[in-house]
Amino acid sequence: SDQKLRNPGFSPYPGFKAWIGNNMAPWCAVLCIHGLTLHKDSYARLANRLSDTGIATYAMDTEGFGDFRNVRGKDRIDFDGTFADIRKNL
């Protein structure tokens, strides 16, 4: 479940999620970036397990997938745009 889901508030666009455990401060972080046909929520199960061990887990949609399917200008696959989004979130 996404009970641990907490949006840290620094993402510049809607295609982003964060799972941060409430029981301990994170000791490291992981950014999950999906391949074709997937979306950020594909990592929910993994992210919940990692957050239980103190690993903050972030996942983002790449352009043309997930939340971006309905965002004008980001509704098609754009590798350069995706790399720019990754840089923004690192």
Under a single-linkage definition using a 4.5 Å side-chain heavy-atom cutoff for Ile, Leu, Val, Met, Phe, Trp and Tyr, are Phe83 and Leu31 assigned to the same hydrophobic cluster?
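Yes, Phe83 connects to Leu31 through the hydrophobic network.
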
Do the non-hydrogen side-chain atoms of [X] and [Y] ever get within less than 4.5 Å of each other?
{"X": "Pro26", "Y": "Ile20", "answer": "yes"}
{"X": "Thr62", "Y": "Ile33", "answer": "yes"}
{"X": "Ile55", "Y": "Trp27", "answer": "yes"}

Separation of His34 NE2 from Met60 CE (nearest 0.5 Å)
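NE2 of His34 is found 7.5 Å from CE of Met60.
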
Atom CG in Asn48, atom OG1 in Thr53: separation rounded to 0.5 Å?
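If I round to the nearest 0.5 Å, the distance is 11.0 Å.
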
Heavy-atom closest contact (Cys32 atom, Thr57 atom, distance)
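That closest heavy-atom pairing would be SG-CG2, 3.9 Å.
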
Which residues satisfy the side chain to side chain contact (heavy atoms under 4.5 Å, CB included) test with Ala29, sequence neighbours excluded?
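Scan of Ala29 (side chain to side chain contact (heavy atoms under 4.5 Å, CB included), adjacent residues dropped) gives Ala56, Tyr58.
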
Test: salt bridge (Lys or Arg N to Asp or Glu O under 4.0 Å). Region: residues 31-40. Which pairs qualify, not counting sequence neighbours?
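Qualifying pairs: Lys40-Asp61, Lys40-Asp67.
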
